[in-house]
There are 2 protein chains.
Amino acid sequence: MQDSLSQTFAALADPTRRAMLAQLSKGDASVSDLAKPFLGEMSLPAVTKHIKVLEKAGLVTKTKDAQWRPCKLNGEGLKEAADWMEEYRVFWEESFDRLEAYLKKVTSEKNQEGKNDDCQK
Amino acid sequence: MQDSLSQTFAALADPTRRAMLAQLSKGDASVSDLAKPFLGEMSLPAVTKHIKVLEKAGLVTKTKDAQWRPCKLNGEGLKEAADWMEEYRVFWEESFDRLEAYLKKVTSEKNQEGKNDDCQK
DNA sequence: ATCGTACTTTACCGATTGGTTAATTAACTC
DNA sequence: GAGTTAATTAACCAATCGGTAAAGTACGAT
């Protein structure tokens, strides 16, 4: 995993890490703050590792404050990935358009109920 | 890796697979079509595996046509991931705003050159 | 100095990933 | 039905991933 885009997507491919980003989106948090919701499910070193993955992907920056390590969401780290996705937007919007067109069609057909029973064409 | 969002991001976390999606965005392609750009770097079974990852993530659908397996980009498979990212848009736009504000500031300071040499405040 | 808190590092483990080669299935072609 | 083309499956391998327990580091408080 060399390129930064792969690193970013890989970092996002884990629910624990996404939950951490969600928490950081509400405000900065220390390692133990971030760990709190998960200490039932995993150990502190596991949390440290997850944070390191987020750091290396450039999604989080960690600073020092006495014995604490306040972490901050780095929004810019998501930009490259979002730009990549943007290229494909048309491909889900076009299928939405098809759905919309279909719904429009069946609705107008419903409105013509009784007027014409020949549904074969 | 249970949840579909993790599966999607994991599928995107590989340059070979992203290149395949890029090719499919230009039009449907068979497995060997998709393999062509990579046959110098990897074998056909490796390509089959990559396609299977994309399929399981719902990003690609594969059909049958004689001995060929035409693949199609499924744009809707990206929607969930794009929606997730959208939540964080403000976090990279806000840092862009800060940059913009900074550039505006230094520009206006530059315009005042000679008028006031006290750059300490 | 030593104790507690916050966190990291090390060493290990099993499961998954990304690749291989070789064999197999399936459909068309002669 | 023998051969060719398209693709998959099976068995294997090394590297990475997500986790652990235990030891180590660094800072503040008493």
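By convention in this document, chain letters (A, B, ...) are assigned in the order of the sequence lines, proteins followed by strands, and residues within each chain are numbered from 1.
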- Examine distances only and state if a side-chain atom of A:Thr63 and a backbone atom of A:Pro70 form a donor-acceptor pair shorter than 3.5 Å. yes

- Measure the distance from CD on B:Glu55 to P on D:dA7 and round it to the nearest whole Å. 13 Å

- Query: Any side-chain N or O of A:Lys52 under 4.0 Å from OP1/OP2 of C:dT9?
  - Reply: yes

- Looking at residues at least two apart in the chain, or sitting in another chain, which of them share a salt bridge (Lys or Arg N to Asp or Glu O under 4.0 Å) with A:Lys36? A:Asp33

- Message: At 4.0 Å (heavy atoms only), tell me whether A:Lys49 reaches a base, stays on the sugar-phosphate, or touches nothing.
- Response: base

What side-chain donor-acceptor pairs closer than 3.5 Å can you find for residues 46-58 of chain B, not counting sequence neighbours?
unit_1  : atom_1 : unit_2  : atom_2 : d
B:Thr48 : OG1    : B:Leu44 : O      : 3.4
B:His50 : ND1    : B:Arg17 : NH1    : 3.2
B:Glu55 : OE1    : B:Lys62 : NZ     : 3.1

- B/S/- along nucleotides 21-30 of chain D (protein heavy atoms under 4.0 Å) is BB----BS--

- Could you state the atom-to-atom distance from NZ of A:Lys62 to C1' of C:dC7 in whole Å? 8 Å

- Message: Could you tell me how far apart B:Met42 (CE) and D:dC13 (C1') are, to the nearest whole angstrom?
- Response: 17 Å

- Message: Quick one: does any side-chain atom of B:Tyr88 pair with a main-chain N or O of A:Ala22 as donor and acceptor, under 3.5 Å?
- Response: yes

- Do B:Gln23 and B:Pro37 touch side chain to side chain, with heavy atoms closer than 4.5 Å? yes

- Message: I want to confirm an ordering. Mapping B:Pro70 and A:Arg17 to their closest nucleotides on DNA chain D, which one lands closer to the 5' end?
- Response: B:Pro70

- Distance check: side-chain N/O of B:His50 vs OP1/OP2 of C:dG19, anything under 4.0 Å? yes

- Task: Answer yes if the side chains of A:Ser32 and A:Arg69 hold a donor-acceptor pair under 3.5 Å, and no otherwise.
- Result: no

- Query: Nearest-Å distance, CG (A:Leu12) to P (D:dG18)?
  - Reply: 12 Å

- Side chain of B:Asp14 (C-beta onward), nearest among D:dG19, C:dG18, C:dT9: C:dG18

- B:Trp68: which other cluster members, linking ILVMFWY side chains closer than 4.5 Å, directly or transitively? none

- Rounded to the nearest Å, what distance is computed from the CG atom of residue A:Asp65 to the C1' atom of nucleotide C:dC7? 13 Å

- Message: When you compare the side chains of B:Ser4 and B:Glu80, does any donor N or O come within less than 3.5 Å of an acceptor on the partner?
- Response: yes

- Check the distance between D:dG18's C1' and B:Gln2's CD and give it to me in whole angstrom. 12 Å

- Residues passing the salt bridge (Lys or Arg N to Asp or Glu O under 4.0 Å) test with B:Asp83, sequence neighbours excluded, are B:Lys79

- Item | DNA chain D contacts among residues 19-33 of chain A, heavy-atom distance under 4.0 Å | none

- Between A:Leu44 (CG) and C:dG4 (P), how many Å, whole number? 18 Å

